[in-house]
K.L.:
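The structure under discussion is supplied below as structure tokens; questions concerning it will follow.
Sequence lines set the chain letters: A, B, ... in the order given, protein chains first and strands last, and positions in each chain run from 1.
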Protein chains: 2
Amino acid sequence: MPRLRDVAIRSDVSVSTASRALTRPDMVASETVERVKRAAKELGYQPNLLARSLRTRVTRLIGLLVSDILNPFHATLAKGLQDAAFDHGYSLLLCNTDEDPDKELTYLRLFRTHQLRGFVVVPTENSAGLLSAIGELPVVEADRTSGLPGFHAVLADNQEGTEAAISHLIAFGHRRVAIIAGKLSITSGSERLSAYLGAMERAGLPVDPGWIVHGDHREQGGYLAARALLSLPPERQPSAWFVINNEMTAGAVRAILEAGLQIPRDLSLIGFDDSRWAQLMHPPLTVIEQSPYDMGYTAGKILFDLFERGPTPPGVLRLATRLLERASVAAPAPAQLGS
Amino acid sequence: MPRLRDVAIRSDVSVSTASRALTRPDMVASETVERVKRAAKELGYQPNLLARSLRTRVTRLIGLLVSDILNPFHATLAKGLQDAAFDHGYSLLLCNTDEDPDKELTYLRLFRTHQLRGFVVVPTENSAGLLSAIGELPVVEADRTSGLPGFHAVLADNQEGTEAAISHLIAFGHRRVAIIAGKLSITSGSERLSAYLGAMERAGLPVDPGWIVHGDHREQGGYLAARALLSLPPERQPSAWFVINNEMTAGAVRAILEAGLQIPRDLSLIGFDDSRWAQLMHPPLTVIEQSPYDMGYTAGKILFDLFERGPTPPGVLRLATRLLERASVAAPAPAQLGS
DNA sequence: CACGCTCCTACAATCGATTGCGACAAGACT
DNA sequence: AGTCTTGTCGCAATCGATTGTAGGAGCGTG
């Protein structure tokens, strides 16, 4: 690989002039710039970013830390961030933690050793303890917050979305609405649960404690939570479920199908976050749509802003949600109305 | 951030000894090693990989170039590669090209400027011309090959998979089997098409030219191809479709539902590559399952092998496929048997 | 005691860029 | 003619690590 020195020799200038000709052309005579550029092109010169970054103390690398890129929500977020990175001339280091604190710590360290400029993280339960250790690196949290002060965050408007979901169910006549909730230590989980409780209370509807089950945000967790709901005695059965994320919704659907129930005849269902399978399943699933792509793109923009303008007072940005009415919600069967 | 110099001063040795104590402890008195390590820990020292890589001329970065990380196939492949990278102490740069040759070229250049050690690519039509330009960088192709000689590749056993699909349909009594094929310039597409033709011929079944439609490997392409099939005159209608990738299968399903047809009553369907929606849709889709995770992991292993052992004669590794029988294939209705 | 040997350690060069500063020439101005 | 600008360009230091080589300490041996 040709070095800057080769370009300099070929265009008969010093290395410093060659450097300036390529990066700050206004400081060099235009005729010289031309000569240097031509030489660079002829040699196929590509600057060594390691050397440049070492000298300037600035890289053009950012990171993304998610628990699982297989979750379409994360994949879409990754794409949004990647596009933002591309638009700003940055490259993206992708890291899956699999919810493993050791991996998470390893990656966080890696971010520092690789001299990343900053990163975006979808925090997990363990993140809070770890993030406080990384120090001065600019960070933007997406989807959830670790609860730590000082971080910028881009989140969905969980309250608005949840309320829309519950209102939708109530409008169909449901009075017995269950929730497959998540971990309280994860903000998206706790916010959606409390919005559910608020919406039910405002509607004057009692909530059976058995209607609140907690999953681990993964498919299997949703499945187990659904089984718990299905095993409630008949007189306590809810007529509709609200599931707080897409993975658990998939698990819940699996459990429902296994139990031989039909949606929405026997049970109405509404999920948080859209996905292809939600559109294609039978019946198509009514969901609260979020914008993971925008979330990623926006998180990126905030990050780049941070790079340019320096530290900013941290703020939380809420992205709107939207009710996508499809066919998994219907009026409850008379027998289900209960007391 | 503390530098090695700080560690050296604190442990009262020279920078070079500090360096050796941390990276080649056998060359330094164990008592000194101890002292240096302690100092490093106390200071929270993290080596600057830019400087190290600049000096050693070797980074621990690899890249992944895919057209679209939103495709679960690519996402899963990415995860496999990421896990392989983690296991070998490498980090992964993720790049989406969106099938845009400009982006692809930009990223390829980026790989060189970032001094990546090598990369994995799922080639597109444009890749062939570009890959030849990147020179000496180790590359492993996944899922498809660009057709260029000299590259290692990890592919699905397209012939085996396609034959299993067609045999399955034939075993159910289908004689009129259509294919939604891809671009011939993409090997996975051409291989699956020719395997289809071979299987039909060996079964002694004629193929109506109208039964072969080409899509662009994306959802919309599958939709359009499906519309083309559905608009064939009744006497030329196939009783079963084989779709060569998951995105186009989704589009095809959309078109079928729009047309008010029922699977498998009116039409049997079998897709290549499994996905969650294929499991959850109604009816669950019979598919040829591939192992994108293994593909990514294996591609990574080949790449790391290349790093360690130096250039190897390029080879093509085929990963087995498996027929996942679900419920989208049934015997054709008598009226469909045709002539 | 001189010599050679083995261990350790330090000095200094090096990777490939960027950049502060000074040198120099050409032109403007007094 | 002398001085001052202005515009270009080169020298050399620098970023933070790694590593070839040389030198010194400690020890055993003849």
K.L.:
Any heavy-atom pair between the side chains of A/L65 and A/T97 that's under 4.5 Å?
P.N.:
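Yes, their side chains come closer than 4.5 Å.
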
K.L.:
Applying side chain to side chain donor-acceptor pair (under 3.5 Å), can you list everything that pairs with B/S185, at least two apart in sequence or on another chain?
P.N.:
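Only B/E125 meet the side chain to side chain donor-acceptor pair (under 3.5 Å) criterion with B/S185.
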
K.L.:
Are B/Q115 and A/M1 side-chain neighbours, meaning at least one heavy-atom pair lies under 4.5 Å?
P.N.:
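Counting from C-beta outward, B/Q115 and A/M1 do come under 4.5 Å.
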
K.L.:
Mind listing the side-chain donor-acceptor pairs of residues 134-142 of chain A below 3.5 Å, one per line with the distance, residues two or more places apart or on another chain?
P.N.:
residue	atom	partner	partner atom	Å
A/E141	OE1	A/S146	N	3.3
A/E141	OE2	A/S146	N	3.1
A/E141	OE2	A/S146	OG	2.7

K.L.:
Closer than 4.0 Å, any side-chain N/O of B/R55 to the OP1 or OP2 of C/dT14?
P.N.:
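Looking at the OP1 and OP2 atoms of C/dT14, neither is under 4.0 Å from any side-chain N or O of B/R55.
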
K.L.:
Cut-off 3.5 Å, side chains only: do A/T124 and A/S127 have a donor facing an acceptor?
P.N.:
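A donor-acceptor contact under 3.5 Å links the two side chains.
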
K.L.:
Apply side chain to side chain donor-acceptor pair (under 3.5 Å) to B/D83 and list each qualifying residue two or more places apart in sequence or on a separate chain.
P.N.:
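Scan of B/D83 (side chain to side chain donor-acceptor pair (under 3.5 Å), adjacent residues dropped) gives B/Y293.
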
K.L.:
Do the side chains of B/S188 and B/K183 get nearer than 4.5 Å, heavy atoms only?
P.N.:
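A side-chain contact under 4.5 Å is absent here.
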
K.L.:
Just checking A/T32: base, sugar-phosphate only, or nothing, at a heavy-atom cut-off of under 4.0 Å?
P.N.:
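Sugar-phosphate, no base atom in range.
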
K.L.:
Going by heavy atoms in the side chains, are A/L22 and A/L4 under 4.5 Å from each other?
P.N.:
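Answer yes - side chains close enough.
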
K.L.:
Would you name the heavy atoms of A/M295 and A/A156 that are closest together and state the gap between them?
P.N.:
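Nearest heavy atoms, A/M295 then A/A156: CE-N, 3.5 Å.
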
K.L.:
For B/R318, does the CZ atom have more than 12 heavy-atom neighbours from other residues, nucleotides or ligands under 6.0 Å away?
P.N.:
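Counting neighbours around CZ of B/R318, more than 12 heavy atoms of other residues, nucleotides or ligands fall under 6.0 Å, so yes.
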
K.L.:
Between D/dT19, D/dC11, C/dT18, which nucleotide gets closest to the side-chain atoms of B/T56?
P.N.:
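Selected nucleotide (nearest to the side chain): D/dT19.
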
K.L.:
Once ring pair (Phe, Tyr, Trp, His ring centres under 6.0 Å) is applied, do any residues pair with B/F304, and if so which ones, sequence neighbours excluded?
P.N.:
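Result, ring pair (Phe, Tyr, Trp, His ring centres under 6.0 Å) vs B/F304: B/H88, B/Y90, B/F307.
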
K.L.:
Only counting residues at least two apart or in another chain, list the ones meeting side chain to side chain donor-acceptor pair (under 3.5 Å) with A/K37.
P.N.:
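Applying side chain to side chain donor-acceptor pair (under 3.5 Å) to A/K37 gives none.
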
K.L.:
Would you say A/D68 and B/K79 make side-chain contact, with heavy atoms under 4.5 Å?
P.N.:
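A/D68 vs B/K79: side chains touch.
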
K.L.:
Five pairs per end, C1' atoms only: what is the angle between the end axes of the helix from C/dC1-D/dG30 to C/dT30-D/dA1, to 10 degrees?
P.N.:
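Angle reported: 70°, given to the nearest ten degrees.
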
K.L.:
Within less than 4.0 Å of OP1 or OP2 of D/dG16, is there a side-chain N or O belonging to A/R57?
P.N.:
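Yes, such a contact exists.
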
K.L.:
Among residues 105-114 of chain A, which ones have heavy-atom contacts with DNA chain C below 4.0 Å?
P.N.:
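Heavy-atom contacts with DNA chain C come from no residue of residues 105-114 of chain A; none.
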
K.L.:
For the pair B/R38 and B/E34, find out whether any cationic side-chain nitrogen is under 4.0 Å from an anionic carboxylate oxygen.
P.N.:
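The answer is no: the pair does not qualify as a salt bridge.
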
K.L.:
Quickly work out the A/M27 CE to D/dT6 C1' distance and round it to whole Å.
P.N.:
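Answer to the nearest Å: 13 Å.
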
K.L.:
Scan residues 39-51 of chain B against DNA chain C and write down, sorted by residue number, each residue with any heavy atom closer than 4.0 Å; if none is found, say none.
P.N.:
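Close to the strand, none.
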
K.L.:
What N/O pairs connect the protein and nucleotides 25-27 of chain C at under 3.5 Å? Give each pair on its own line.
P.N.:
none

K.L.:
Starting at atom CG of A/L54, determine the distance to atom C1' of D/dC15, rounded to an integer number of angstrom.
P.N.:
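Distance check: A/L54 CG to D/dC15 C1' gives 4 Å.
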
K.L.:
Excluding sequence neighbours, so at least two apart, what forms side chain to side chain donor-acceptor pair (under 3.5 Å) with A/Q82?
P.N.:
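Per chain and number, A/Q82 pairs via side chain to side chain donor-acceptor pair (under 3.5 Å) with B/N96, B/Y107.
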
K.L.:
I need the single residue from A/E247, A/E99, A/R144 that forms a side-chain contact (heavy atoms from CB on, under 4.5 Å) with A/H217. Which is it?
P.N.:
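Exactly one option meets the side-chain contact (heavy atoms from CB on, under 4.5 Å) with A/H217, and it is A/R144.
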
K.L.:
Where along residues 15-24 of chain A does a heavy atom fall under 4.0 Å from DNA chain C?
P.N.:
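Per residue number, the list reads A/V15, A/S16, A/S19, A/R20, A/T23, A/R24.
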
K.L.:
Contact list please: residues 1-11 of chain A against DNA chain D, heavy atoms, distance less than 4.0 Å, in numerical order.
P.N.:
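Output list: empty, so none.
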
K.L.:
Determine whether the side chains of A/S19 and A/S16 contain a donor N or O and an acceptor N or O closer than 3.5 Å.
P.N.:
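Distance-only check fails for A/S19 and A/S16.
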
K.L.:
Search all heavy atoms of A/L110 against all heavy atoms of B/S91 and return the closest pair with its distance.
P.N.:
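Between these two residues, the closest heavy atoms are CD2-OG, 2.8 Å.
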
